[in-house]
Structure formats: structure tokens, C-alpha cells
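To start, the structure itself, in C-alpha cells.
Every number for a ligand or one of its atoms is a count from 1 in the order of the listing.
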Amino acid sequence: MYFAVISIFPEMFATIRDFGITGRAITQEQVTIECLNPRDYTTDNYRRIDERPYGGGPGMVMMAEPLSKAIDDARLRASQHGCRMDAAHCPVIYMSPQGQTLSENSVVSMADYDGMIILCGRYEGIDERLLAQYVDMEVSLGDYVLTGGELPAMVLMDSVIRRLPDIMGDDKSAEQDSFVDGLLDCPHYTKPHEFAGMAVPEVLLSGHHANIAEWRFSQQVERTQTRRPDLWQAFSPSVQQAKWLKALAKATKK
Ligand SMILES: CC(C)(C)c1cccc(C(=O)NCC2(NC(=O)c3cccc4nocc34)CCCC2)c1
């Protein structure tokens, strides 16, 4: 999958390029991440990419021209990487507080793209005419004020990359992810057997895989019901999970 990120701070993207599963996806050439700096597409001596806002007010606004040239170049590069250049296969995505909030469901569908061109805002934002001319979709990480769109862009890329086929390798944790079925995760334990006077729940040491799976599911249910009733409302159990839920309901009735 091909990612072009347009940002005035391209060095920030070393965070996903040089580490972990995302870094490995790049060395294994399953993913390409190219960072384009709008400053490289300016024509004036000051390499200006921002200006005072029309209508006055505080701060600066990112100018349309350098961004439009960077996006045109990104499109060319995406097509050279085999991307079909239309909104359904390689959208221009603006990370924006005005966007649709990112969810695992939207991440799953975005993993099917050939690629994506991701625009990161700074200052007060981007000239609206650039957005109108180029942006296919606006995506938001959530409702908090940030200094830029780069961290949201990295979260988007991280969440999409881990869902690409054969990225997670044989540990297949993508399938086992509780969140794939919309529940919070169960507690996890590893060595040593005792820590701070606390041992490990006996069932996890039993080697009884059916009991362990049921215990983990019961923990997911309990945590989701108490911490995220909204997720619990939306949860639809698999056949196996429905059986466990029945057994849990019976056990609590006693
Ligand atoms: C959400 C709410 C609190 C109501 C609000 C209202 C108005 C402005 C801002 C705000 O943060 N503006 C600053 C910028 N923010 C983001 O880029 C950004 C912020 C949050 C999630 C994101 N997901 O992607 C990009 C995101 C925009 C230009 C430079 C940074 C936030």
C-alpha cells in the first residue's frame, strides 16, 4: 500500500517509518510512505507556505498553491506506484477536526485502498479553496485541540497498516484482537508468576484452553459493560460468544 503524506514536518514520520510493525512493513516493501513538504513546492525566496487570514483574526493560514503542487506530485508518485487514481482507490484525505471520526470500522474499509494521499494541517488550518478542489474525505481523530494533523495522520496509517494482509505475521493478533468484535480487551499476564504480591489467575495456568477462552471472554464482557456501555450496546456476539453469554447469565443467576 502506498502512502503520501503532505506535511511541513516530514521528519515526524520517522516515528512510524523507523519502528515496530509499521517499520517492518516498509522494510518488507509491503508499504511505502513518502513525505512531501509543501515548502519544496514554493517559488518565492522565503519558501512561504502560510499567510495572514483574509478577514483578519489571529494566526496564519496554509496557502493553497504549494499544497496543490505537492498533491499533484503525490498523485503522480501514487500512480507510479500502481495506484488507480480515483477517490475510491487512492483518496486525498485531510486530517481535520471537521472530519468524520476515525473508527475501526472505517479503518477496515480503508485497508482496501491502493493508497492514500494524506494532508496534515498546521496553524489555523488550510485555505478552503484547496480543500474544495482536492480533498475527497476529511477524517478526525477525535474532539480535542491539537497543534497539527501529523499525529492523527500517523495514527491513521498505523491502524490501516496493521490490517493489511500478512502484516501481522503468524501471531495473527489482528484476528484475535478483541476490538475486532467490538469488545474491550481482557487482562494480560506474563512472567514472573508473582509481582507485588499478586499472582496470575489460576485458570490461565490450567492449560485448559476452552476454560481460558471463556474466562477471557467473560473479562472482556465485564470490562466492556462497566467501562464502555456504548460499545456493549453495539456488540453482536458470534455463535460461540452467544453460548458463553448464556452460560455466564446462568452462572450469575445462581
Ligand atoms: C475538535 C475540536 C476540539 C472541536 C476543534 C475545533 C476547532 C479546531 C480544532 C483544532 O484542533 N484545530 C487545530 C488543528 N487540529 C487538527 O488538525 C486536529 C484536531 C483534532 C483532531 C484531528 N484529527 O485530525 C486532525 C485533527 C487544525 C489545523 C492545525 C491543527 C479542534
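In this structure, the side chains of L151 and L146 stay at 4.5 Å or more apart for every pair of heavy atoms. Considering only heavy atoms from C-beta on, L184 comes within 4.5 Å of R227 through its side chain. With contacts defined as side-chain heavy-atom distances shorter than 4.5 Å, the pair E34/Y2 qualifies.
Each side chain to side chain donor-acceptor pair (under 3.5 Å) pair with one or both residues in residues 118-131, not counting sequence neighbours, appears once here: R122-E150, D127-R129.
Judged by distance alone, the side chains of Q240 and S238 never bring a donor and an acceptor atom under 3.5 Å apart.
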Write none if no such pair exists; otherwise list each N/O atom of ligand 1 with its protein N/O partner under 3.5 Å and the distance.
{"residue": "ligand 1", "atom": "11 (O)", "partner": "L146", "partner atom": "N", "Å": "3.0"}
{"residue": "ligand 1", "atom": "23 (N)", "partner": "L141", "partner atom": "N", "Å": "2.9"}
{"residue": "ligand 1", "atom": "24 (O)", "partner": "S96", "partner atom": "N", "Å": "3.3"}

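Clustering ILVMFWY residues whenever any of their side-chain heavy atoms sit less than 4.5 angstrom apart, transitively, puts I6 in the very cluster that holds I8.
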